[in-house]
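A note on names: the letters A, B, ... follow the listed sequences, proteins ahead of strands, and every chain is numbered from 1.
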Amino acid sequence: MANDNKKMVEAITPIDQDFAQWYTDICLKAELVDYSSVKGFTILRPYGQAIWENITRILDGMFKATGHENVAMPLLIPESLLQKEKDHVSGFAPEVAWVTRGGSEELEEPMCIRPTSETLFCDHFSQILHTWRQLPLLYNQWCSVVRWEKSTRPFLRTREFWWQEGHTIHETAEEAIAETRQQLDTYAELCEDHLLMPLLKGQKTESEKFAGAQATYAIEAMMHDGKALQAGTSHYFGDGFSRAFDVTFAGRDNTLQYPFETSWGVSTRLIGGIIMTHGDNEGLILPPAVAPFQVVIIPVAQHKEGVLDKAYELKERLSKFVRVKLDDSDNSPGWKFSEWEMRGVPLRLEIGPKDIENDQCVLVRRDTREKSFVPLADLETAIPSLLDALAAALYEKAAQNLANRTWSYATMDEIVAKANSENGYIRAMWCGEEACEDTMKEQAGLSSRCIPFEQETLAATCPVCGQPAKHMVVWGKAY
RNA sequence: CGGGGCGUAGCGCAGGUGGUAGCGCGCUUGCUUUGGGAGCAAGAUGCCGCAGGUUCGAGUCCUGUCGCCCCGACCA
């Protein structure tokens, strides 16, 4: 009956009933985002922004630790600049937004709002690069970009999204490739260790790789519903962009050379990944590393003498080692329990008159709702250990979902049958031909997620065409 | 770009055949409550998306238009 009340007040659509609606409900009701008056442009509300800031803080630290520097590039790209690299422009042209007027005057040259900033960085590199002694240049920027998507969903696909884009140039191809792989590993560390999302790491096929790249590496995460989410990409460009933008330097042998380039990015889409990896019917469950509040203190019978005082005292004490929120609003304790569960706070601390009498409090885990009565003196050890246990359980549960939804097949019949009945990763061999990817899309509705770094030989031939197989590919449905 | 849904109070919605605006939640105030989304009472809140048209009269009918959401095809 508590459940009935709950559904009346602040209903979140059950996850099994309508996954898409469940997702949207959480985005809105946990107050992560709101829609703006322009389609596809969402507002990151304080709670959502706080999660993003925690992600950026962790990642930015990792970037700096590996020698990267932050810069800020312009918002607008002149049309002529965008067009310099032909694969790049044909990939992005369909989804760029244009500025054609300044004040009341038509611009001589239209400018697009950056969909990504390779062209801006290259143009800049061509200005500042002179000698091999300057290399590598390891740049990153935190910004938003605009891509005029046709269908949009909060976090997963919005017309404007916030991200970081790293752009580096190197003296040799080997160094650039190493950078590309290193940054992919950085993303993997962020996702697995902090966001608690188990991953598949690999290389994108020709047809799925970034416009203008020689190779695209990606991390793919699996959502509750068995669909894949491309959570981050890292691209190796060779010297294609350098040549297109005439980025040159005097080499060690005093010849003019083109540097080798990389770019890599993750976006606010990660927040969508967190929701769909860890959330449940009560709402969000946040990994402690990025939760705006790791502990919420809920005073019980807060009007009674001493309760609020004790709560404030605890807040003060806990704030020395966790991010803590004290909800001293007028709402009933029950309301607060539900509210903060919906918002995914990993641990709840209840403190009421009975607890104060016994010099204890109640700690409740968000994921299991498991209650423990803890002496107030032990909080400094009990809270971190509960947070760790919760983090381990979240990762374990997600890893279990990934394992349960990964299958290997050798024939098209098996693949089609599975694809029609369940979402997940289907591992199968592939001949390397794009035509077989197209066929896979048509017959099974699957796209190639990546060619995993960890290869296995499941069969000798491609299940689509029967030709000799070159790689094992993971197929799936993606967001 | 196709298919579907929808614009009425802050939010969610109701307003058969035209007659001058309603419900729930939330909000405000007061009292009682407080260990799983509290109760009672009294309030406040409207360019009915926008523009034309039909009509004595339009939330309602007609035409146009703008926008949003969801599902597909395309993309982080």
Counting only pairs under 3.5 Å, give me each side-chain donor-acceptor contact of residues 41-49 of chain A, with atom names and distances, residues two or more places apart or in other chains.
{"unit_1": "A:Tyr47", "atom_1": "OH", "unit_2": "A:Arg343", "atom_2": "O", "d": "2.7"}
{"unit_1": "A:Gln49", "atom_1": "NE2", "unit_2": "A:Glu53", "atom_2": "OE2", "d": "3.2"}

With a 3.5 Å cut-off and sequence neighbours excluded, list the donor-acceptor pairs that the side chains of residues 351-359 of chain A form with protein atoms.
{"unit_1": "A:Asp355", "atom_1": "OD1", "unit_2": "A:Gln360", "atom_2": "NE2", "d": "3.3"}
{"unit_1": "A:Asp355", "atom_1": "OD2", "unit_2": "A:Gly352", "atom_2": "N", "d": "2.8"}
{"unit_1": "A:Asn358", "atom_1": "ND2", "unit_2": "A:Lys354", "atom_2": "O", "d": "3.1"}

Side-chain polar contacts of residues 438-452 of chain A - donor-acceptor pairs under 3.5 angstrom, sequence neighbours left out - could you list them?
{"unit_1": "A:Thr439", "atom_1": "OG1", "unit_2": "A:Ala435", "atom_2": "O", "d": "2.9"}
{"unit_1": "A:Ser447", "atom_1": "OG", "unit_2": "A:Arg449", "atom_2": "NH1", "d": "2.8"}
{"unit_1": "A:Ser447", "atom_1": "OG", "unit_2": "A:Gly476", "atom_2": "O", "d": "3.4"}
{"unit_1": "A:Ser448", "atom_1": "OG", "unit_2": "A:Thr205", "atom_2": "OG1", "d": "3.2"}
{"unit_1": "A:Ser448", "atom_1": "OG", "unit_2": "A:Glu437", "atom_2": "OE2", "d": "2.8"}
{"unit_1": "A:Arg449", "atom_1": "NE", "unit_2": "A:Glu220", "atom_2": "OE1", "d": "3.3"}
{"unit_1": "A:Arg449", "atom_1": "NH2", "unit_2": "A:Glu220", "atom_2": "OE1", "d": "3.4"}

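Between B:rA38 and A:Ser332, a contact under 4.0 Å exists linking OP1 or OP2 to a side-chain N or O.
Base pairing of B:rU17 is not made with any nucleotide, judged by Watson-Crick or G-U wobble geometry with both donor-acceptor distances under 3.5 Å. Using Watson-Crick or G-U wobble geometry with both donor-acceptor distances under 3.5 Å, B:rG30 finds its partner in B:rC40. In this entry B:rC1 has B:rG72 as its Watson-Crick or G-U wobble partner, both defining distances falling under 3.5 Å. Nucleotide B:rU63: paired with B:rA51 (Watson-Crick or G-U wobble, both distances less than 3.5 Å).
Contacts of A:Asp87 classified as salt bridge (Lys or Arg N to Asp or Glu O under 4.0 Å), with partners at least two apart in sequence or in another chain: none. With sequence neighbours excluded, no residue forms a ring-ring contact (aromatic ring centres under 6.0 Å, His included) with A:His194.
A:Val266 comes within contact range of no nucleotide atom at all, as no heavy-atom separation falls under 4.0 Å. Counting any heavy atom pair closer than 4.0 Å across all strands shown, A:Ile298 reaches no nucleic acid atom. Using a 4.0 Å heavy-atom criterion, one finds that A:Thr268 contacts no nucleic acid atom at all.
Atom name C1', nucleotides B:rC61 and B:rC70: the rounded distance is 29 Å, in whole Å.
Between A:Thr24 and A:Trp163, the residue anchored closer to the 5' end of RNA chain B is A:Thr24, taking for each the nucleotide with the nearest heavy atom.
Of the candidate nucleotides B:rU34, B:rC75, B:rA73, B:rU34 has the atom lying nearest to any side-chain atom of A:Pro333. Nearest to the side-chain atoms of A:Val300 among the listed nucleotides B:rG37, B:rU34, B:rA73 stands B:rU34. Closest to the side chain of A:Ala301, out of B:rU34, B:rC69, B:rG37, is B:rU34. The nucleotide whose nearest atom lies closest to any side-chain atom of A:Trp335 is, among B:rA38, B:rU34, B:rA73, B:rA38.
Around CG of A:Asn420, the count of heavy atoms belonging to other residues, nucleotides or ligands within 6.0 Å exceeds 12.
Looking at residues 348-361 of chain A, you'll see A:Arg348, A:Glu350, A:Gly352, A:Pro353, A:Lys354, A:Asp355 sit with a heavy atom under 4.0 Å from some atom of RNA chain B.
The aromatic rings of A:Trp340 and A:Phe293 lie perpendicular to each other, with more than 60° between the two planes, well past the 30° mark.
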